[in-house]
Amino acid sequence: MQQISGVVWDLNSISLPHNSSEIQIMRSQVAGPILLLADANQPIDQICSYFLTYHLDDYVRKASINEIAARIVQKLWVYQNKDRLQINRQGQATTNLTVGDLKIDLNKFQVANGTNRLSLSPIEYKLLLFFISHSNTVLSRAQIASAVWGNTSGATLRIIDTHISNLRKKIEKKPKKPQMLRTIRGFGYLFKYEGEDAGVRDQRQQR
């Protein structure tokens with residue numbers, strides 16, 4: 001599910017799993033919006049739980065195809081631009097970032113390591129941008145889960161290490177001896193680049 005951009009779940013065709021952990025796992029794995037479609041009325045408490053308990057994105061009842069499509073497009077835009085907007089707010093208003101050998105095209109959502117283009121999953125891309133925008137800061141698993149997945153459920157916390165390990169294999173020269181994305185035992189993770197060009201460089205053309 002890490003490669004899925006979003007989910008549109010039609011409750012008219014199939015109900016959500018009765019096991020709440022299955023919904024939480026879906027939420028933790030999908031790096032995009034999850035929308036529910038319905039025709040029949042549902043209790044307001046149930047609708048609220050979709051947002052507050054499971055962190056789903058929208059509940060659409062008796063909507064036209066055009067409205068559903070518009071909601072999907074808008075929510076995809078929010079997910080795709082969230083990390084870029086966060087970097088912009090921190091004073092890095094740019095379309096391209098360079099961190100060491102990593103080159104990130106924020107418009108095309110592409111990352112290259114030197115001349116080698118990396119195939120990052122949506123989760124790995126979001127993780128990388130989150131770490132870059134919080135470089136030199138020790139981040140706990142709960143902070144990472146809240147920012148990247150939008151929740152801090154046990155299911156999410158258990159898979160963070162796996163995703164970070166996969167990201168390391170793609171961005172580090174020696175993943176078993178990481179130089180940028182380091183584990184701070186007992187605390188979490190630290191993203192830090194040390195070298196001649198330490199830090200994040202803004203690649204905008206100067207007027």
Side-chain angles (χ1 to χ4, degrees), residues 1-90 93 95 104-111 119-131 133-134 141-160 162-164 166-167:
M1 284 192 289
Q2 299 168 23
Q3 304 294 334
I4 296 176
S5 299
V7 171
V8 178
W9 192 296
D10 188 353
L11 294 173
N12 304 308
S13 301
I14 185 170
S15 60
L16 286 172
H18 295 296
N19 187 341
S20 61
S21 64
E22 294 183 28
I23 305 176
Q24 292 171 344
I25 290 173
M26 177 175 67
R27 174 67 284 179
S28 69
Q29 290 287 317
V30 176
I34 300 177
L35 291 78
L36 301 180
L37 306 183
D39 286 339
N41 288 319
Q42 292 199 11
I44 188 64
D45 290 345
Q46 180 64 49
I47 296 174
C48 289
S49 73
Y50 293 146
F51 302 118
L52 302 177
T53 303
Y54 303 119
H55 307 288
L56 308 187
D57 294 89
D58 207 348
Y59 175 83
V60 186
R61 181 172 174 269
K62 291 186 176 180
S64 67
I65 292 297
N66 288 341
E67 179 183 347
I68 294 171
R71 287 174 181 265
I72 293 170
V73 170
Q74 170 58 17
K75 293 185 184 302
L76 284 171
W77 184 91
V78 171
Y79 271 80
Q80 291 170 349
N81 287 274
K82 182 175 66 174
D83 295 295
R84 178 169 59 182
L85 294 174
Q86 182 173 359
I87 291 176
N88 289 348
R89 285 197 301 270
Q90 295 184 356
T95 58
I104 301 136
D105 188 323
L106 296 172
N107 283 333
K108 297 180 180 179
F109 308 103
Q110 294 177 349
V111 181
S119 178
L120 300 186
S121 71
I123 284 290
E124 291 164 356
Y125 181 81
K126 287 166 66 67
L127 274 171
L128 178 60
L129 286 191
F130 180 67
F131 279 123
S133 64
H134 294 80
R141 288 174 175 80
Q143 288 175 302
I144 298 169
S146 177
V148 177
W149 280 268
N151 69 79
T152 57
S153 68
T156 300
L157 295 175
R158 287 192 293 271
I159 64 173
I160 284 178
T162 299
H163 286 291
I164 290 178
N166 292 337
L167 178 61

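- Of all heavy-atom pairs spanning Lys62 and Asp39, the tightest one is CE-O, 3.3 Å.
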Derivation of the side-chain contact (heavy atoms from CB on, under 4.5 Å) call for Ile47 and Arg61
CA-CA 11 Å; Ile47 296 174; Arg61 181 172 174 269; over 6 Å; no
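- Rounding to the nearest 0.5 Å gives a distance of 12.0 Å between CD1 of Ile104 and CD of Gln110.
- Listed by first and then second residue, the ring-ring contact (aromatic ring centres under 6.0 Å, His included) pairs that reach into residues 38-60 are Tyr50-Tyr59, sequence neighbours excluded.
- Here the straight-line distance linking atom OG of Ser20 with atom CZ of Arg27 works out to 15.5 Å at 0.5 Å rounding.
- Checked by atom type, the side-chain pair Ser64/Asn66 shows no donor-acceptor distance below 3.5 Å.
- For Arg141, the salt bridge (charged side-chain N to carboxylate O under 4.0 Å, His left out) partners two or more places apart in sequence, or in a different chain, are Asp161.
- Counting heavy atoms from C-beta outward, Leu11 and Gln42 have side chains that approach closer than 4.5 Å.
- Atoms OG and CG, from Ser15 and Asp10 in turn, are 11.5 Å apart once rounded to the nearest 0.5 Å.
- Inter-residue side-chain proximity for Pro33 and Ile72 is flagged as unmet; no heavy-atom pair is nearer than 4.5 Å.
- The only member of Leu36, Leu56, Leu35 that meets side chain to side chain contact (heavy atoms under 4.5 Å, CB included) when paired with Trp9 is Leu36.
- With Glu124 contributing its side chain and Ser121 its backbone, the two residues share a donor-acceptor pair below 3.5 Å.
- Here the shortest heavy-atom pairing between Phe131 and Ile144 reads CZ-CD1, 3.8 Å.
- Leu129 contributes atom CG, which lies 9.5 Å from atom CG of Leu120 (distance to the nearest 0.5 angstrom).
- Atom CG of Asp45 is separated from atom CG of Leu52 by 10.0 Å, given to the nearest 0.5 angstrom.
- When every heavy atom of Ala145 is checked against every heavy atom of Leu157, the shortest pair comes out as CB-CD2, 3.9 Å.
- A salt bridge links Asp58 with Arg71: at least one charged nitrogen is closer than 4.0 Å to a carboxylate oxygen.
- We find the CD1-CG distance between Ile34 and Leu16 to be 9.5 Å, quoted to the nearest 0.5 Å.
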